[in-house]
Amino acid sequence: VEEAMRRRASVLEGKAQELAAQAEARYAQKLSELEKVSETRLAALSENLAVEEAAVKKRLGAAEMEAEAKVQALEQLSVERERAASKATADHLTMIAELE
């Protein structure tokens, strides 16, 4: 009976080791799969980030160009306003001189 129990224990120990080895192999495979998925996701996120960054830079460039155009338009208006004020002053002085 004791011998039978020892053999049975030995068989069970062998099965337990085999199951542990299988579980470890499955764990390693799942870990590898998760790492691949993580790398794929990271690559996709990096690509999306690069696309977003390019889009932001493009919008920023367009906004800078628009701002520069507005500054130039304001400078032109200022120059025209000064000319108009000078002409109005000259016309006013001419009118005063004609009245005298």
Side-chain angles (χ1 to χ4, degrees):
V1 172
E2 243 180 75
E3 183 62 31
M5 288 178 72
R6 275 186 231 159
R7 278 185 276 166
R8 178 82 173 134
S10 177
V11 168
L12 290 175
E13 185 179 325
K15 287 193 182 243
Q17 288 176 355
E18 182 181 326
L19 289 174
Q22 288 174 2
E24 190 174 325
R26 282 195 305 270
Y27 173 78
Q29 183 177 355
K30 288 292 183 185
L31 184 60
S32 175
E33 290 172 3
L34 286 174
E35 287 174 346
K36 288 177 185 174
V37 167
S38 294
E39 289 172 3
T40 301
R41 286 183 181 168
L42 181 59
L45 289 173
S46 294
E47 186 177 326
N48 289 345
L49 183 59
V51 168
E52 279 294 317
E53 182 180 10
V56 167
K57 284 181 179 180
K58 185 176 180 181
R59 287 194 302 267
L60 180 60
E64 287 174 345
M65 289 175 56
E66 183 179 344
E68 182 61 32
K70 287 180 180 180
V71 166
Q72 289 177 358
L74 287 173
E75 288 173 349
Q76 183 64 33
L77 284 174
S78 178
V79 168
E80 290 174 8
R81 186 180 302 130
E82 287 178 24
R83 285 183 188 155
S86 293
K87 184 173 179 348
T89 301
D91 289 349
H92 185 70
L93 290 175
T94 301
M95 198 166 51
I96 290 174
E98 289 175 356
L99 290 175
E100 292 178 348

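What's counted below: heavy atoms across the whole structure, side chains too, no hydrogens, waters or symmetry copies.
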Residues clustering with Met5 (ILVMFWY side chains joined when closer than 4.5 Å, directly or via others): Val1
Whether Thr40 side chain and Lys36 backbone form a donor-acceptor pair below 3.5 Å: yes
Main-chain N/O of Ala28 paired with Ser32 side-chain donor or acceptor, under 3.5 Å: no
Residues that [X] engages under side chain to side chain contact (heavy atoms under 4.5 Å, CB included), provided they are two or more places apart:
| X | result |
| --- | --- |
| Glu3 | Arg6, Arg7 |
| Arg8 | Leu12 |
| Arg81 | none |

Distance, nearest 0.5 Å, that separates CZ of Arg83 from OG of Ser78: 10.5 Å
Pairs satisfying side-chain hydrogen bond (donor to acceptor under 3.5 Å, both in side chains), at least one member in residues 21-30, at least two apart: Glu18-Gln22, Gln29-Glu33
Pairs flagged by salt bridge (charged side-chain N to carboxylate O under 4.0 Å, His left out) wherever residues 53-65 is involved - sequence neighbours left out: Glu53-Lys57
Sequence neighbours excluded - salt bridge (charged side-chain N to carboxylate O under 4.0 Å, His left out) pairs with any residue from residues 91-100: Lys87-Asp91
Partners passing salt bridge (charged side-chain N to carboxylate O under 4.0 Å, His left out) against Glu52 (at least two apart in sequence or in another chain): none
Contacts of type salt bridge (charged side-chain N to carboxylate O under 4.0 Å, His left out), residue Glu75, not counting sequence neighbours: none
Any residue meeting side chain to side chain donor-acceptor pair (under 3.5 Å) with Gln72, in chain and number order, not counting sequence neighbours: Glu68
Partner residues of Lys70 under the side chain to side chain donor-acceptor pair (under 3.5 Å) criterion, sequence neighbours left out: Glu66
